[in-house]
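Since the structure is predicted, the reported quantities are computational estimates derived from the model, not experimental observations.
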Amino acid sequence: MPRPTGPCELEPPPPDLFWYGVHGVESLFTVLGSGCESVRRGSTSESRIEVVGEWRGGRKGVYADR
């Protein structure tokens, strides 16, 4: 399962993935292609940002803030 990481600092006022985090999420689409059926933004047990995408066929990719 692809697990790219990258910088993703929380800075108001834009949403937390606005600055650099979106580029890490973008890499999931580059690797896994189109067909993403769901995206969930959550947090790890260390309160770090985590985005999980689920693609057709049961494929999954996770972006984690390093």
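- When side chains are defined from C-beta on, Val51 does not count as touching Val62, because their heavy atoms never get closer than 4.5 Å.
- Between Trp55 atom CH2 and Phe29 atom CZ the span is 4.5 Å, to the nearest 0.5 Å.
- Formation of a donor-acceptor pair under 3.5 Å by the Arg59 side chain with backbone atoms of Leu32 is found in this model.
- To the nearest 0.5 Å, atom SG of residue Cys36 and atom CZ of residue Arg56 are 9.5 Å apart.
- Summarising the geometry, atom OH belonging to Tyr63 is positioned 11.0 Å from atom CZ belonging to Arg41; distances are rounded to the nearest 0.5 Å.
- Atom CD of Glu54 sits about 8.5 Å away from atom CD of Glu37, to the nearest 0.5 Å.
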